[in-house]
Every structure is written in structure tokens, then in C-alpha cells.
Amino acid sequence: MRIYFCGSIRGGRADRARYERVILLLRRYGNVLTEHVAAPEVTEHGEDAAFIRGDKFIHDRDLAWLNQADVVVAEVTQPSLGVGYELGHAVAMKKTVLCLFCSTSGRVLSAMVRGAENGDHFLVRDYQEEEEIEKILEEYFTSHFPTVLHHSQVSASV
Ligand SMILES: O=c1[nH]c(=O)n([C@H]2C[C@H](O)[C@@H](COP(=O)(O)O)O2)cc1CO
């Protein structure tokens, strides 16, 4: 199972540590293609600040990964143009998408994300506390990918 995780980078890094926890949990279900989204060395300037390969490289690489992905999981609390763009492409590619939104953040999620919810291939799940994410993911992968081998023996320390 190839998982494309989306989280804000140039939109702001306030939730970076949360992305790290989500990625640790996602590893139970498959290979996370975009682990760099949670990397502490990736600042709000983006990866390019660290690797100097350019925005075109980042864009084309990420769309190729998105194309390969079996599922897209996005943490959408911190608004991000890049995450919105990825979600639009994911819908166009007919990917299965789960968005996670922290309802106690004081933010209101974009209608273009909340309104894309269709009860099936595009879901938005609200949580109040980070601790709820583990259960949300477990329920999601169990119901949407019942045949996927759960790597539950791999203890993700979160
Ligand atoms: O350096 C980067 N590397 C990268 O992979 N991205 C992708 C992955 C993230 O899910 C998303 C973040 O977009 P933004 O930077 O607009 O917040 O875009 C975005 C950037 C910087 O825009």
C-alpha cells in the first residue's frame, strides 16, 4: 500500500510535529511516499532551501508519487496552497482520499475541501485531540482497505 501524505510546508510549519505522528501511524498500513513533509529540517521555505533542486523538481516528483499512490491522507488544519493543489489532483486522478481536520484549532476548513466529502472516496474526519487520529486511521483503513495486511506488529511509538 503506497500512501501519499499531504501537510503544509510553505503554508506554515506550526503542525509539523503532528504530521510526524500521523506518518508514524500511517507506516502501520504501508509505505509513506512523502515522509519529508514532517522532516524538521524542512522549514517554511520548503525543501529547496535544504536540497537546492528547484520547485519544478518538487512539483513533478510529487505528482508522480501522487499518481502511484493507493491512498491519499492529508492533514488539512493548517491551510496550504500545495495541499489544496494536491487534493485537487487526487480527485481528478480518482484517488481515495482521507482528510484530517482539527476542529478545536479555531480554523474553518475550506468549503472546497469540506464540500468535496462524498461519504466514499473523499472523506473528511474531524478530531479534537491528536490522540483520536490513531482510531480514525484504524477505522478508515479497516473499512476501505480490508484486505490490506495491517503491520500492527510493527509498534509505532507515537
Ligand atoms: O518543498 C516542498 N516539498 C513538497 O513536497 N511540497 C508538497 C508536499 C506538501 O503536501 C505540500 C505543501 O504545500 P505548501 O508548501 O504550499 O504548504 O506540497 C511542497 C513544498 C514547498 O512548497
Side-chain angles (χ1 to χ4, degrees), residues 1-118 120-127 130 132-134 136-138 140-141 144-145 148 156 158:
M1 161 89 65
R2 285 158 301 195
I3 304 170
Y4 189 102
F5 174 76
C6 312
S8 170
I9 296 180
R10 291 188 186 161
R13 294 298 271 161
D15 291 342
R16 188 206 61 79
R18 182 172 303 177
Y19 305 155
E20 201 168 305
R21 292 187 77 182
V22 174
I23 286 172
L24 276 173
L25 292 165
L26 288 174
R27 281 192 197 151
R28 295 179 180 176
Y29 305 101
N31 179 26
V32 181
L33 303 171
T34 53
E35 294 210 352
H36 66 280
V37 171
E41 65 272 21
V42 177
T43 67
E44 70 279 0
H45 297 295
E47 276 178 87
D48 200 34
F51 301 110
I52 326 283
R53 285 188 290 196
D55 287 357
K56 177 82 179 143
F57 171 86
I58 292 168
H59 172 272
D60 294 353
R61 178 204 60 194
D62 285 2
L63 282 194
W65 279 340
L66 189 59
N67 199 36
Q68 290 165 22
D70 300 302
V71 62
V72 177
V73 177
E75 213 298 335
V76 294
T77 309
Q78 173 77 43
S80 152
L81 284 173
V83 172
Y85 180 85
E86 289 166 332
L87 289 174
H89 269 283
V91 169
M93 292 175 184
K94 302 194 187 315
K95 298 291 177 183
T96 300
V97 179
L98 171 66
C99 296
L100 300 167
F101 179 75
C102 181
S103 58
T104 52
S105 61
R107 296 187 185 277
V108 180
L109 182 58
S110 168
M112 297 308 287
V113 176
R114 175 86 62 200
E117 155 91 46
N118 60 17
D120 181 23
H121 276 73
F122 195 108
L123 294 187
V124 178
R125 287 286 172 267
D126 294 300
Y127 64 90
E130 248 177 67
E132 296 167 35
I133 295 174
E134 180 172 14
I136 290 171
L137 293 179
E138 191 183 326
Y140 180 76
F141 281 95
H144 282 74
F145 302 95
V148 168
V158 291

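We count ligands from 1, going down the list as the structure has it; atoms in each ligand are counted the same way.
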Check your understanding: Is Val37 close to ligand 1, meaning an N/O of one under 3.5 Å from an N/O of the other?
Key -> no
**Study point:** Contact (N/O only, under 3.5 Å) between His36 and ligand 1
**Key:** yes
Point to revise | Minimum side-chain heavy-atom gap Val83-Leu87 below 4.5 Å | key: yes
Study note, to complete from the structure: Within 4.0 Å of some non-hydrogen atom of Ser8, the atoms of ligand 1 are 17 (O)
Review point. At what distance is the nearest protein heavy atom to atom 14 (P) of ligand 1, and which residue and atom is it?
Key: Ser80 OG, 3.3 Å
Review point. Are the side chains of Val71 and His144 in touch, meaning some heavy atoms are under 4.5 Å apart?
Key: no
Check your understanding: Tell me, do Tyr127 and Glu134 make a side-chain contact under 4.5 Å, heavy atoms counted?
Key -> no
**Study point:** Check: Tyr4 main-chain N/O paired with Thr34 side-chain donor or acceptor under 3.5 Å
**Key:** no
Review point. Any idea which of Asp55, Leu66, Asp62 brings a heavy atom closest to atom 5 (O) of ligand 1?
Key: Asp62
**Study point:** Protein contact of atom 19 (C) of ligand 1 - nearest heavy atom, named by residue and atom, plus distance
**Key:** Ile9 CD1, 3.8 Å
Check your understanding: Measuring from the heavy atoms of Gln78, does anything fall under 4.0 Å of ligand 1?
Key -> no
Review point. Quick one: does Tyr29's side chain get under 4.5 Å of Glu138's, heavy atoms only?
Key: yes
Check your understanding: Is there a heavy atom in Glu44 that sits closer than 4.0 Å to ligand 1?
Key -> no
Practice item. Provide, to 0.1 Å, the distance between atom 15 (O) of ligand 1 and the closest protein heavy atom, together with that atom's residue and name. Key: Arg10 N, 2.7 Å
Point to revise | Closest approach of any protein heavy atom to atom 9 (C) of ligand 1, naming residue and atom | key: Gly7 O, 3.2 Å
Review point. Of the options Val73, Val32, Ile3, which is the one that meets Ile23 in a side chain to side chain contact (heavy atoms under 4.5 Å, CB included)?
Key: Val32
Exercise for review: Could you list the atoms of ligand 1 found under 4.0 angstrom from a heavy atom of Arg61?
Suggested key: 5 (O)
Exercise for review: Could you list the atoms of ligand 1 found under 4.0 angstrom from a heavy atom of Cys6?
Suggested key: 10 (O)
Review point. Are Glu35 and Arg27 close enough for a salt bridge, meaning some N to O gap below 4.0 Å?
Key: yes
Revision key, fill the gap. Of Thr96, Val97, Val72, the one forming a side chain to side chain contact (heavy atoms under 4.5 Å, CB included) with Phe122 is Val97
Point to revise | Protein contact of atom 16 (O) of ligand 1 - nearest heavy atom, named by residue and atom, plus distance | key: Gly82 N, 2.9 Å
Exercise for review: Could you list which atoms of ligand 1 come closer than 4.0 Å to a heavy atom of Glu47?
Suggested key: 1 (O), 2 (C), 3 (N), 4 (C), 5 (O)
Point to revise | Gly46-ligand 1 polar pair, N/O distance under 3.5 Å | key: no
Review point. Between Arg125 and Cys99, is there a donor-acceptor pair closer than 3.5 Å when you use the side chain of the first and the backbone of the second?
Key: no
Review point. In the protein, which heavy atom is nearest to atom 18 (O) of ligand 1, and how far is it?
Key: Glu86 OE2, 3.3 Å
Review point. Can a salt bridge be assigned to the pair Arg21 and Glu75 using a cut-off of 4.0 Å between side-chain N and carboxylate O?
Key: no
